[in-house]
Every structure is written in structure tokens, then in C-alpha cells.
Amino acid sequence: MTYIAKKCGICFQPPSIILIYKEDSKDKTRQRIMPVRNFSKFSDCSMAAEQLKNNPRHKAYLEGVSLRQLKKLYSLLKGHLGGESLAESLEKFQQEETIDPEEDMNKLDDKELAKRKSIMDELFENNRKKKDDPDFIYDIEVEFPQDEQLESCGWDVESGEEI
């Protein structure tokens with residue numbers, strides 16, 4: 001039996017993940033409450049999200065829910081357990097999930113660099129035009145205006161020519 005996830009959210013008291021879904025064969029909307037156990041303000045959100053997604057009891061139901069969304073819900077719960085408001089937790093998560101173009105990624109450790117790369121990969125996939133998209137154009141030719149005089153650079157001049 002396949003389940004179609006419609007909404008996924010969190011309840012702070014008692015800590016639980018709530019999934020609203022439909023069964024493939026029926027039109028009835030159902031709700032599944034998955035209690036969050038052994039999670040504190042010091043827990044790793046990504047590890048907890050992976051464990052929940054791979055849990056044999058919930059795996060079929062959470063197939064349509066992305067791992068990123070589960071991580072977000074766990075980070076909101078972690079912020080709540082740490083005494084943050086919902087707005088503060090959302091802002092903190094948004095800062096972690098956005099990439100600063102001025103940041104020097106050469107100075108990051110391997111774990112942080114992998115996190116930034118996965119964010120960039122996801123952003124690329126969301127913005128990429130696919131062949132199935134209605135506004136997809138295969139061969140785009142663009143003429144750029146040449147209003148100004150082109151400046152010559154030293155590197156594009158042959159070695160025997162003078163500038």
C-alpha cells in the first residue's frame with residue numbers, strides 16, 4: 001500500500017512529528033503521530049531525521065517527506081527545548097541553510113563543506129530547467145550589445161605585438 005504525504009509538522013507538547021497523508025486506494029485523509037523520544041537540545045538533528053526516516057514502522061509513511069524537511073522539524077524542536085521561540089528557531093535554521101557568497105569555503109572543515117555543497121546542489125536542482133518544463137528552450141542564442149569600445153587586455157595580445 002502506498003501513502004501520499006500531504007503535510008508534515010511538529011507538536012512541541014508532547015514532542016512528536018505529525019504527518020497528514022492519504023492512502024493511495026482511499027480518498028480519506030489520515031493523521032499519523034510519531035512520538036520523538038530520546039531527543040534533547042544537544043542531539044544531532046540530521047541523525048535523528050535519518051533514524052526516523054529509516055524506522056521500519058514509519059518508513060512507508062515518510063517516503064514522500066524529504067530528509068531536509070525532517071531536519072528542519074527536528075531543529076525547530078531542538079530550538080524549543082533550548083528555550084528559543086518559534087520565530088528565533090526558524091531564523092536560525094534559515095541562516096544555516098543559506099550560503100553567504102562572501103564566505104571563504106577553503107577555511108571550512110569537511111563536515112561544514114559537505115553541508116554547504118549539499119545546499120548548493122539542492123538549490124541548483126530547484127532552479128535547473130529540465131526538458132519536461134513548459135518554458136524549456138533547447139538552443140538559446142543571445143546577442144550582447146556592443147555599445148562601448150572594447151578594452152584590450154595584456155593577456156590576450158600575442159607576445160610579438162605591442163600594446
**OP:** From the options Leu70, Leu67, Asn55, select the one residue that forms a side-chain contact (heavy atoms from CB on, under 4.5 Å) with Glu50.
**Re:** Leu67
Original post:
Among Lys111, Lys117, Lys115, whose side-chain contact (heavy atoms from CB on, under 4.5 Å) with Leu113 holds?
Top reply: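 When side-chain contact (heavy atoms from CB on, under 4.5 Å) is applied between Leu113 and each of Lys111, Lys117, Lys115, only Lys117 qualifies.
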[X] to [Y] - nearest heavy-atom pair and separation:
X      : Y      : result
Arg37  : Pro35  : NH2-CG, 3.4 Å
Glu96  : Ile119 : O-CD1, 3.7 Å
Lys129 : Asp135 : NZ-OD2, 2.8 Å
Gly79  : Ser89  : CA-OG, 3.5 Å
Lys78  : Cys45  : CD-SG, 3.6 Å

Does the pair [X]/[Y] count as a salt bridge with the N-to-O cut at 4.0 Å?
X      : Y      : answer
Glu125 : Arg128 : yes
Lys72  : Glu97  : no
Lys59  : Glu63  : no

**OP:** Name all pairs fulfilling the ring pair (Phe, Tyr, Trp, His ring centres under 6.0 Å) condition that reach into residues 82-140, sequence neighbours left out, sorted by first residue then second.
**Re:**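 The answer is none; no pair qualifies.
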With rounding to the nearest 0.5 Å, note down the distance linking [atom1] in [X] to [atom2] in [Y].
X      : Y      : atom1 : atom2 : value
Ser43  : Gln51  : OG    : CD    : 9.5 Å
Glu88  : Leu90  : CD    : CG    : 10.5 Å
Arg116 : Met105 : CZ    : CE    : 6.0 Å

Only pairs under 3.5 Å count here: list side-chain donor-acceptor contacts from residues 5-31, not counting sequence neighbours, and write none if there are none.
unit_1	atom_1	unit_2	atom_2	d
Ser16	OG	Pro14	O	3.2
Asp24	OD2	Thr2	OG1	3.0

